[in-house]
Amino acid sequence: MNEQSAQWLAWDQQHCWHPFTNQADWCDPSCERLIITRGEGVWLWDSEGRKYFDGNSSIWTNIHGHAHPRINEALNRQLGEIAHSSYLGFGNARASELAAKLCGYFPNRTLERVFFSDDGSTAVECALKMALQYRMQTGSPQRNRIVAFANGYHGDTMGAASLGGMDLFFERFRKFGLAVDFVGSLEELAALQAGEIAAVIIEPLIQGVNEMRNWPAGMLRSLRDWCDQQGVHLILDEVMTGFGRTGTMFACQQEQVIPDFLCLAKGLTGGYLPLAATLTTDAIYRAFLGRDNVFYYGHSYTANPLGCAAALANLALFELETTMEMIQEKAGVLQKLLTELVGTSPHVFQIRQCGMIAGIEVRQSDGRCFDVAQMRGAKICLAARKYGLLTRPIKDTIVFMPPLCSTPEELRYALVALRSALDDVD
Ligand SMILES: *Cc1c(COP(=O)(O)O)cnc(C)c1O
């Protein structure tokens, strides 16, 4: 190991604290820790000069690749103007442009207002607070409940975490957060007192952190219809699914659904900078006009111009590189490669795919789950590094979520690496 890597790793071990990480394992000498130092296109390099395919798009954020000349250029241009100014009391050029651009993806008179924040959790936090406050100032304070789906994931700040249906992550904080009703299906939802519900939140088409589980086709449309009948607002958490991931620009477009609140983050800046947006309708926005109705919410870096510049360049690239025109074909290539994988390993139990999102679940050859202590998924991902692929599992589901710019050849390379890793661990 080179001297510089050793120094970075030593400081990491002494001073850093990683998300969702058992630090005892991480700091154990047996743990093979990587320091990532460079990226280009779908590739990442570590501090030892080794090259890897970015198999989870740097935690589901990257779209057009790393160090993209166009996004870099947009950021450099923005740096020449200003990196940040307050959005509290002032507007900024890039935020105006970005808000107009985002609303332009939806039909007129639907989603017309954009509230900026910093990441997926805060985008959800905003939608939640708006949904509850809206009821207080429109004469229906009794509608004070939020409904979320079992096993869902909406972020880690206290409000967003209250909506989380994964007990492992959220159980210990339940008593501190918001009271939320959890349902597993539309039938369970229909059994609730709809008159007490302010809003329902869902990850449309597919639950990400819940090991990439697809909803049945038509479910989102039915949910929208139920919400309309009951006067309940629909919050769509498209933090993972937004920006082309599922095969359409936004997942909700696949079932002709428009939410009352749309939460966007991860892919918004193409994987460059933390920036999020909560889109809503004019009807909701208007309930916040007037001195008594102000939405008292914001962050120091709200609508950060660099983030907005990256987002604008990211969105321009969708047109310039005809990303959406090619996405169906790429998802088809991915599907074919994944299907081939099923036949080659006795432990590939199920493949779940939605556009450029894939979950590959491994089990024992008789279909029973592996003992969790085996850390099978983690072992496979560790083995994949040797073959030039970086990704992470969720339990025993290997997540494969390549940047949308991946070529068929690059996808093939990644799947060959994954197959070798599966063989190694067998
Ligand atoms: C990642 C994610 C979040 C949280 O976003 P952060 O930027 O990590 O705060 C919320 N919802 C979904 C569906 C996500 O995938």
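The chain is numbered in sequence order, starting from 1. In listed order, ligands and their atoms are each counted from 1.
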> For ligand 1, which atoms, with element, lie under 4.0 Å from some heavy atom of D119?
Replying inline: 7 (O), 9 (O)
> What atoms of ligand 1 come closer than 4.0 angstrom to any heavy atom of W60?
Replying inline: 15 (O)
> Does a donor on one side chain sit under 3.5 Å from an acceptor on the other, for S58 and D54?
Replying inline: yes
> Of all the atoms in ligand 1, which lie at a distance below 4.0 Å from a heavy atom belonging to H154?
Replying inline: 10 (C), 11 (N)
> Would you say the side-chain atoms of Q137 pair up with the backbone N or O of N293, donor to acceptor, closer than 3.5 Å?
Replying inline: yes
>> Under a 4.0 angstrom heavy-atom cut-off, which atoms of ligand 1 come close to G155?
In response: 4 (C), 10 (C)
> Considering only heavy atoms of S121, which atoms of ligand 1 have at least one such atom less than 4.0 Å away?
Replying inline: 4 (C), 5 (O), 6 (P), 9 (O)
>> Which label fits F169 and F20: parallel for a plane angle under 30°, tilted from 30 to 60°, or perpendicular past 60°?
In response: perpendicular
> When the ring planes of H18 and W26 are compared, do they come out parallel, tilted or perpendicular, using 30° and 60° as the limits?
Replying inline: tilted
> Of all the atoms in ligand 1, which lie at a distance below 4.0 Å from a heavy atom belonging to E203?
Replying inline: 13 (C)
> If hydrogens are left out, which of L163, V124, T61, D237 has an atom nearest to atom 12 (C) of ligand 1, that is, the closest non-hydrogen atom?
Replying inline: D237
> For R352, does the CZ atom have more than 12 heavy-atom neighbours from other residues, nucleotides or ligands under 6.0 Å away?
Replying inline: yes
>> For Y272 and N72: C-alpha separation, side-chain torsions, deciding distance, then whether side-chain hydrogen bond (donor to acceptor under 3.5 Å, both in side chains) applies.
In response: CA-CA 9 Å; Y272 264 66; N72 288 7; 2.6 Å; yes
>> What protein heavy atom lies closest to atom 1 (C) of ligand 1? Include the residue and the distance to one decimal.
In response: K266 NZ, 1.4 Å
> Using the ring of each side chain (for Trp, its six-membered ring), is F53 parallel, tilted or perpendicular to Y413, with breaks at 30° and 60°?
Replying inline: tilted
>> So if I count the atoms of ligand 1 from 1 in the order they appear, which ones are less than 4.0 Å from some heavy atom of G120?
In response: 4 (C), 5 (O), 6 (P), 7 (O), 9 (O)
